[in-house]
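One structure is given here, and the rest of the page talks about it.
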Amino acid sequence: MKVLIVEDNHNVSETIADYLELEGVAIDCAYHGESAIKLISDNHYDVIIMDIMMPKLDGISTVKKLRQELFCPTPILFLTAKDHLEDKVAAFKAGGDDYLLKPFAMQELSLRLQALNNRGPRRDVGQLSYADIVIDISTDKVSRDGLPVKLSRTQLKILKLLVKNAPRIVSRKEIIQALWGDESPDSDSLRSHVYGLRTALDKGFSESCLETLHGKGYRIKA
């Protein structure tokens with residue numbers, strides 16, 4: 001088992017690392033959220049131990065970024081002195097899988113890590129979804145109400161942007177920037193891609209799920 005310890009208190013981090021290494025666990029350490037994200041982007045871990053109160057990027061924000069932007073499925077154990085119910089709720093809503101209060105027994109920590117490792121990676125991470133639309137990030141497969149939808153690369157990029165921001169309206173300027181950067185296409189290009197996307201999504205359905213708001217932009221309807 002390979003574990004990443006994200007903890008800004010070096011003494012706590014080293015104590016955990018020493019104990020787990022004696023049990024045959026491979027350990028990496030990070031001392032704030034930004035460092036953790038870099039390590040997780042470059043390495044595979046079976047379980048992540050995450051403190052909440054840290055400099056640069058706190059644990060809750062770090063886990064949200066891991067789950068929502070990097071689509072990291074690794075089980076995460078929050079390790080913290082924050083014992084209020086709202087803290088626990090925030091930790092689990094962010095994407096945590098377990099929560100252990102300080103001070104704690106090393107044996108209990110080890111058992112919880114083993115349980116998370118046995119459970120394996122989360123299967124609900126790596127999908128973008130809103131209403132009846134689901135996008136599998138790893139395969140780029142799209143479905144609406146369980147029916148497969150075939151899209152071009154550009155249509156898929158537009159849909160991902162709309163689903164990520166749903167139900168917010170996404171302006172034409174935002175979509176153009178995401179697709180082409182500073183090289184603006186001719187005025188009909190975006191309209192053509194959106195038309196193709198709407199046609200593909202609505203095939204077999206009586207109601208359209210892609211709404212055009214003239215002068216404002218586009219959005220996915222629930």
Side-chain angles (χ1 to χ4, degrees), residues 1-131 134 137 163-168 222:
M1 178 165 54
K2 188 173 183 180
V3 173
L4 174 64
I5 302 170
V6 189
E7 164 67 67
D8 68 324
N9 186 315
H10 287 232
N11 289 332
V12 172
S13 182
E14 289 169 8
T15 299
I16 295 172
D18 289 345
Y19 182 90
L20 294 178
E21 284 175 343
L22 289 174
E23 294 199 339
V25 179
I27 298 293
D28 278 344
C29 294
Y31 302 104
H32 52 75
E34 291 181 1
S35 175
I37 288 171
K38 178 65 168 64
L39 283 170
I40 293 164
S41 298
D42 296 338
N43 300 276
H44 167 78
Y45 297 101
D46 297 298
V47 186
I48 298 166
I49 298 173
M50 183 71 64
D51 188 25
I52 290 183
M53 298 298 291
M54 295 185 295
K56 293 192 177 182
L57 194 65
D58 66 87
I60 299 292
S61 299
T62 300
V63 172
K64 284 182 179 178
K65 191 175 183 69
L66 289 173
R67 297 299 197 213
Q68 298 174 11
E69 296 181 26
L70 300 182
F71 303 108
C72 172
T74 306
I76 296 174
L77 167 67
F78 275 104
L79 193 65
T80 177
K82 296 170 73 68
D83 62 351
H84 295 297
L85 177 59
E86 55 265 32
D87 298 319
K88 297 177 182 179
V89 170
F92 283 109
K93 280 190 173 182
D97 299 278
D98 201 355
Y99 194 102
L100 185 59
L101 288 173
K102 300 175 182 177
F104 54 89
M106 286 294 180
Q107 185 178 10
E108 181 180 2
L109 172 62
S110 178
L111 290 170
R112 288 180 183 239
L113 291 176
Q114 191 60 59
L116 289 174
N117 182 48
N118 291 342
R119 190 186 305 171
R122 292 178 59 149
R123 296 183 179 181
D124 61 339
V125 177
Q127 286 188 341
L128 284 174
S129 63
Y130 182 73
V134 177
I137 298 302
V163 171
K164 281 181 181 179
N165 288 278
R168 182 177 73 82

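Along the sequence shown, residues carry numbers from 1. Just so it is clear, the model here is predicted, and its values are computed rather than measured.
Closest approach of M53 to D8, counting heavy atoms only: O-OD1, 3.4 Å. In terms of heavy-atom proximity, P75 sits nearest to G120 at CG-O, 3.4 Å. Taking every heavy atom of both residues into account, D58 and T62 meet most closely at O-OG1, 2.8 Å. Heavy-atom minimum distance, I27 versus A17: CG2-CB, 3.8 Å. Closest approach of A94 to K64, counting heavy atoms only: CB-CG, 3.7 Å. In this structure, D83 and K88 approach most closely via the heavy-atom pair O-CE, 3.9 Å.
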Step by step, work out the side-chain contact (heavy atoms from CB on, under 4.5 Å) result for S41 and I37. CA-CA 6 Å; S41 298; I37 288 171; 4.1 Å; yes
Go through L79 and K102 one step at a time and tell me if the side-chain contact (heavy atoms from CB on, under 4.5 Å) criterion holds. CA-CA 7 Å; L79 193 65; K102 300 175 182 177; 4.3 Å; yes
Run the numbers on Y99 and T80 for side-chain contact (heavy atoms from CB on, under 4.5 Å), then give the verdict. CA-CA 8 Å; Y99 194 102; T80 177; 3.2 Å; yes
I'd like to know whether L113 forms a side-chain contact (heavy atoms from CB on, under 4.5 Å) with N117, so could you lay out the CA-CA distance, the side-chain angles of the two residues, the decisive distance to 0.1 Å, and finally the verdict. CA-CA 6 Å; L113 291 176; N117 182 48; over 6 Å; no
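No side-chain donor-acceptor contact under 3.5 Å links H84 to the backbone of D87. A donor-acceptor contact shorter than 3.5 Å links the side chain of D46 to the backbone of K2.
Between H10 and Y31, the ring-plane angle classifies as parallel under the 30° and 60° cut-offs.
For R67 and D97, the salt-bridge test passes: some basic side-chain N is under 4.0 Å from an acidic carboxylate O. Ion pairing of E108 with R112 is present here, as a side-chain N (NZ or NE/NH1/NH2) and a carboxylate O approach within less than 4.0 Å.
Remark: K56 NZ to S61 OG distance equals 15.0 Å, nearest 0.5 Å. Of the inter-residue distances, the one linking K164 atom NZ with E69 atom CD reads 7.5 Å to the nearest 0.5 angstrom. Summarising the geometry, atom SG belonging to C72 is positioned 13.0 Å from atom NZ belonging to K65; distances are rounded to the nearest 0.5 Å. Between the CZ atom in F78 and the CG atom in L101 there is a gap of 12.5 Å [rounded to 0.5 Å]. Taking CG of L20 as the reference point, atom CG of L109 lies at 5.5 Å (rounded to 0.5 Å).
Residues M106 and T15 have side chains in contact (heavy-atom distance under 4.5 Å, counting atoms from C-beta outward). Proximity of D98 to L116: side-chain heavy atoms (C-beta onward) are separated by under 4.5 Å at one or more points. Contact of the V12 side chain with the D51 side chain is not registered, since no non-hydrogen atoms from C-beta on lie closer than 4.5 Å. Counting only heavy atoms from C-beta outward, the side chains of V47 and M1 approach each other to under 4.5 Å.
Around NZ of K93, the count of heavy atoms belonging to other residues, nucleotides or ligands within 6.0 Å does not exceed 12. Heavy-atom neighbours of E86 CD from other residues, nucleotides or ligands within 6.0 Å: above the threshold of 12.
Checked against M50 for a side chain to side chain contact (heavy atoms under 4.5 Å, CB included), the options V6, L77, L4, I60 give a single hit: V6.
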